[in-house]
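Below you'll find the structure, written out as structure tokens, and then a few comments.
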Amino acid sequence: MDRDILQIPTRVDTITFEGKRYFIKRDDLMSREFSGNKGRKFYSLLNQDLEGIDTIVSYGSNQSNAMYSLSVLAKIRGWRFIYYTDHIPQYLADNPTGNYKGALDNGAEFVTGEIPDKDSLAESMIFVEEGGRESFAKEGIYILADEIEQWRQENNIDNLNIFLPSGTGTTALFLSRYFAEKKASIKVYTTPCVGDEIYMKKQFAMLEDDEKYHPEILNLPKKYHFGKLYREFYEIWLKLRNKCDIEFDMLYDPKGWLVMQEYSDRLGEDILYIHQGGLLGNESMLPRYRRKFENR
Ligand SMILES: *Cc1c(COP(=O)(O)O)cnc(C)c1O
């Protein structure tokens, strides 16, 4: 099933935005089910034998991309999926949308109680940390790295800079480590969207001690809070959609693009941006943006 379900390798497009060329790795075109980033990260859960497992347990927000992808995974594998979240607003319960609706449709069981201790779970249960911050993510991310390295060689690009916005930083870290191990002339840059730079460095250190394998962190002077709405986010998102005909995600990508523009010189001529999918989440974000900035 594996590669067919995921529809990898994904292609690379070339776009021009505000007078500058960018290569876009179209992981958003992976199966809608395994929206981009999470499909890469959960690759090994989809492919390993995992005999004796019948349930996935995870936790996080009620509109998480990871939650949705895990619900698909559980459905494909015929497992139960139990998801802990601290709160489901009545409005959402009555009008399910986006990732929440998708997960419900796939049979996710929501619990609004305390997250169980990982070690207290039955042996038939797999516990997945919030957002999929796990070393098992490495396998799928290395496949992504390998696709990029092959593409670089085929296109004779000598020094490639990769940029991608981060949540837990798992994807950026494993990409960076892969290229360093292979001594490929590729450097990985990222920006934290969920926490600050200190949080990001801690996340990297949890997965890899040696800093020479860490991605380089770029940030903006203004502090942005994850999931909040900002006019400049909406504007750049709209511009990208209207001028380049690519729909990006509304949680991570707007900050990613603002950072890439801010550090345009530093990132040089050959920049590959990874579109990490997550478009199902736009179903709930776009109406919020419209209400806020279009006075509807
Ligand atoms: C999860 C996710 C990210 C963040 O990935 P990390 O590996 O946690 O840094 C970025 N973009 C999208 C669309 C995601 O779903």
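- Salt bridge K187/E216: present, at least one basic N to carboxylate O contact under 4.0 Å.
- Not less than 6.0 angstrom separates the ring centroid of Y100 from the ring centroid of Y68.
- Using a cutoff of 4.0 Å between basic side-chain nitrogens and carboxylate oxygens, R177 and E181 are scored as salt-bridged.
- N106 and K75 form a side-chain donor-acceptor contact under 3.5 Å, judged by distance and modelled atom types alone.
- None of Y178, F179, Y43 except one satisfies the ring-ring contact (aromatic ring centres under 6.0 Å, His included) rule with Y142; the exception is Y178.
- A distance of 6.0 Å or more separates the ring centres of Y213 and F204.
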Q) Does the pair M200 and S166 meet the rule for a side-chain contact (heavy atoms from CB on, under 4.5 Å), with working shown? A) CA-CA 8 Å; M200 184 100 292; S166 281; 3.8 Å; yes

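- Rounding to the nearest 0.5 Å places CZ of R152 at 10.0 Å from CD1 of I162.
- Using a cutoff of 4.0 Å between basic side-chain nitrogens and carboxylate oxygens, E283 and K101 are not scored as salt-bridged.
- Looking at every heavy atom in both residues, S44 comes nearest to E139 through CB-OE1, 3.1 Å.
- The distance from atom CE of M67 to atom OG of S61, rounded to the nearest 0.5 Å, is 6.5 Å.
- A donor-acceptor contact shorter than 3.5 Å links the side chain of D196 to the backbone of I198.
- H214 and A205 get closest at one heavy-atom pair: CE1-N, 3.9 Å.
- Not a single donor-acceptor pair under 3.5 Å links the side chain of S284 to the backbone N or O of G98.
- Note on ring orientation: taking the six-membered ring where Trp is involved, the planes of H275 and F248 are parallel (angle under 30°, cut-offs 30° and 60°).
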Q) Run the side-chain contact (heavy atoms from CB on, under 4.5 Å) check on I246 and I15 step by step: do they pass? A) CA-CA 10 Å; I246 298 182; I15 64 166; 4.0 Å; yes

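- To the nearest 0.5 angstrom, D28 atom CG is 11.0 Å from K25 atom NZ.
- When ring centroids are compared, W257 and Y22 come within the 6.0 Å threshold.
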Q: In sequence, state the C-alpha distance, the side-chain angles, and the governing distance for N62 and T85, and then conclude on side-chain hydrogen bond (donor to acceptor under 3.5 Å, both in side chains).
A: CA-CA 6 Å; N62 57 42; T85 189; 4.8 Å; no

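- Heavy atoms of other residues, nucleotides or ligands lying less than 6.0 angstrom from CG of D245 number 12 at most.
- The minimum heavy-atom distance between D270 and R21, with the atom names listed, is OD1-NH2, 2.5 Å.
- Exactly one residue among I141, V128, L144 makes a side-chain contact (heavy atoms from CB on, under 4.5 Å) with K41. That residue is I141.
- Cluster membership for V111 and I88, using ILVMFWY side-chain heavy atoms within less than 4.5 angstrom, is not shared.
- To the nearest 0.5 Å, atoms CD1 (I126) and OG (S58) are separated by 11.0 Å.
- Ion pairing between a basic and an acidic side chain is recognised when a charged N comes within 4.0 Å of a carboxylate O; R40 and E147 show such pairing.
- Taking the centre of each ring, Y59 and Y83 stay at or above the 6.0 Å mark.
- In this structure, T55 contributes its side chain and F81 its backbone to no donor-acceptor pair below 3.5 Å.
- Ion pairing between a basic and an acidic side chain is recognised when a charged N comes within 4.0 Å of a carboxylate O; R80 and E109 show such pairing.
- Salt-bridge formation is not detected for the pair E269/K20: no Lys NZ or Arg NE/NH1/NH2 atom is positioned less than 4.0 Å from an Asp or Glu carboxylate oxygen.
- The shortest heavy-atom contact between C193 and P165 is SG-CB, 3.8 Å.
- Within a 6.0 Å radius of NZ in K228, other residues, nucleotides and ligands contribute 12 heavy atoms or fewer.
- For the pair I56/L73, a side-chain contact is recorded, criterion being any heavy-atom separation below 4.5 Å from C-beta on.
- No donor-acceptor pair under 3.5 Å is formed between the side chain of D253 and the backbone N or O of G256.
- Taking the six-membered ring for Trp and the full ring otherwise, Y263 and F163 have centroids separated by 6.0 Å or more.
- Between E149 and A184, the closest heavy-atom pair is OE1-CB, 3.6 Å.
- With hydrogens and angles disregarded, a donor-acceptor distance shorter than 3.5 Å links the side chain of N282 to the backbone of M250.
- At a threshold of 4.5 Å between non-hydrogen side-chain atoms, the residues K118 and P116 do not count as touching.
- Remark: the backbone N or O of G60 is not paired with any side-chain donor or acceptor of E130 at under 3.5 angstrom.
- Side-chain atoms of Y224 and E232 include a donor-acceptor pair closer than 3.5 Å.
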Q.
The test is side-chain hydrogen bond (donor to acceptor under 3.5 Å, both in side chains); show your working for N37 and N65 and say whether it passes.
A. CA-CA 9 Å; N37 175 283; N65 292 336; over 6 Å; no

Q: Apply the test side-chain contact (heavy atoms from CB on, under 4.5 Å) to residues Y230 and H225: give CA-CA distance (whole Å), side-chain angles for both, the deciding distance (0.1 Å), then the verdict.
A: CA-CA 9 Å; Y230 299 93; H225 297 275; 3.6 Å; yes

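- When atom types are taken as modelled, the side chain of T16 and the backbone of G19 share no donor-acceptor pair closer than 3.5 angstrom.
- Summarising the geometry, atom CD1 belonging to I186 is positioned 8.5 Å from atom CH2 belonging to W151; distances are rounded to the nearest 0.5 Å.
- For D27 and T10, the side-chain atoms include at least one donor-acceptor pair closer than 3.5 Å.
- L50 and L45 make their closest contact through CD1-O, 3.7 Å (heavy atoms, listed as atom of the first residue, atom of the second, distance).
- Of the inter-residue distances, the one linking L279 atom CG with Q276 atom CD reads 11.5 Å to the nearest 0.5 angstrom.
- With a 6.0 Å radius and a threshold of 12 heavy atoms from other residues, nucleotides or ligands, Q153 has its CD atom above the threshold.
- Within the 3.5 Å criterion, the main-chain N or O of P192 finds a donor-acceptor partner in the side chain of K255.
- Taking the centre of each ring, Y289 and Y234 come in below the 6.0 Å mark.
- The pair D13-R11 meets the salt-bridge criterion, since a charged nitrogen lies less than 4.0 angstrom from a carboxylate oxygen.
- A salt bridge is absent between E247 and R241: the closest approach of a Lys/Arg side-chain nitrogen to an acidic carboxylate oxygen does not fall below 4.0 angstrom.
- T190 contributes no side-chain N or O that, together with a main-chain N or O of I217, makes up a donor-acceptor pair within less than 3.5 Å.
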Q: Give the C-alpha distance, both sets of side-chain angles, the deciding distance and a yes or no for side-chain contact (heavy atoms from CB on, under 4.5 Å) between K292 and R290.
A: CA-CA 5 Å; K292 185 159 170 123; R290 286 204 174 119; over 6 Å; no

